[in-house]
Amino acid sequence: KQEVTQIPAALSVPEGENLVLNCSFTDSAIYNLQWFRQDPGKGLTSLLLIQSSQREQTSGRLNASLDKSSGRSTLYIAASQPGDSATYLCAPFGSSASKIIFGSGTRLSIRP
Amino acid sequence: DTGVSQNPRHKITKRGQNVTFRCDPISEHNRLYWYRQTLGQGPEFLTYFQNEAQLEKSRLLSDRFSAERPKGSFSTLEIQRTEQGDSAMYLCASSLGDRGHTQYFGPGTRLTVL
């Protein structure tokens, strides 16, 4: 059974800093992995999807990496802004499954 | 706005009542998923549809829960005889195909059972 852990659970940094969010998963047989953003009381917004054959994916100030063999993914946010404040969720899609499994998320707060 | 809509956005009900939620996916998406999310946790998978066929249900989905997608378009999730433990955010997502495709989430329906 896939288990997903996200560290840290919460993070508060001043505006402008670069930061890294970590995700680990127990079953490395994944098809792809998505990173989502969730604002309080809202639905999820997909940020990046990395296929299992890829090592990283970039979108603007976001860069996600995937090390499937070690069961880890990181989300790098460059030059953080207050608008980046949200919960960030990691979700691998298992090769033998038909659904994605979510971690509990990292709650990020960017201080102006 | 991802293009996935859910109604109602909020529902307050008394214990023992039945409730029904609706999800309208992105029109060309053949996969539709339901998730439940409680405070401080990531979403938990409930069930999914490929067109009108319900292909998998989680053990979280007790006999009081039923989901349909009658024409392969919109979907409904019904909870019968609601309990306080059913209070959560219910999220719907759709995708074009399965594994290789991004899931797009709706805004969710927040259920409060008194």
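To find a chain, count down the sequence lines: A is the first, B the second, and so on, and within it residues start at 1.
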Out of curiosity, [X] [atom1] to [Y] [atom2], how far, rounded to the nearest 0.5 Å?
{"X": "A:Leu44", "Y": "B:Tyr104", "atom1": "CG", "atom2": "OH", "result": "13.5 Å"}
{"X": "B:Arg110", "Y": "A:Lys42", "atom1": "CZ", "atom2": "NZ", "result": "11.5 Å"}
{"X": "A:Phe36", "Y": "B:Thr102", "atom1": "CZ", "atom2": "OG1", "result": "7.0 Å"}

Taking atom [atom1] of [X] as the centre, does the number of heavy atoms from other residues, nucleotides or ligands within less than 6.0 Å exceed 12?
{"X": "B:Ile12", "atom1": "CD1", "value": "no"}
{"X": "B:Arg15", "atom1": "CZ", "value": "no"}
{"X": "B:Leu114", "atom1": "CG", "value": "yes"}
{"X": "B:Glu68", "atom1": "CD", "value": "no"}

Problem - Hydrophobic cluster membership, B:Ile26 vs A:Leu47, 4.5 Å side-chain cutoff - result: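 Cluster IDs for B:Ile26 and A:Leu47 differ.
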
Exercise for the section: Treat each ILVMFWY residue as a node, draw an edge where side-chain heavy atoms are under 4.5 Å apart, and state whether B:Ile79 and B:Tyr33 are in one component. Expected result: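 They do not share one cluster, since no chain of ILVMFWY contacts under 4.5 Å joins B:Ile79 to B:Tyr33.
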
Handout entry: A:Gln38 portion near chain B, given a 4.5 angstrom heavy-atom threshold
Key =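 For A:Gln38, the contact with chain B is made by the side chain alone.
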
Exercise for the section: With the side chain counted from C-beta on, respond yes when B:Gln103 and A:Phe93 share a heavy-atom pair under 4.5 Å apart, and no when they do not. Expected result: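 Yes, side chains in contact.
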
Problem - Shortest non-hydrogen contact between A:Leu89 and B:Pro43, atoms and distance - result: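 Taking every non-hydrogen atom into account, CD1-CD, 4.2 Å.
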
Practice task
Heavy-atom distances under 4.5 Å only: say whether B:Tyr35 touches chain A with side chain, backbone, both or neither.
Solution key: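 The side chain, not the backbone.
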
Problem - Contact class of B:Gln37 relative to chain A, heavy atoms under 4.5 angstrom - result: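 Contact with chain A: side chain only.
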
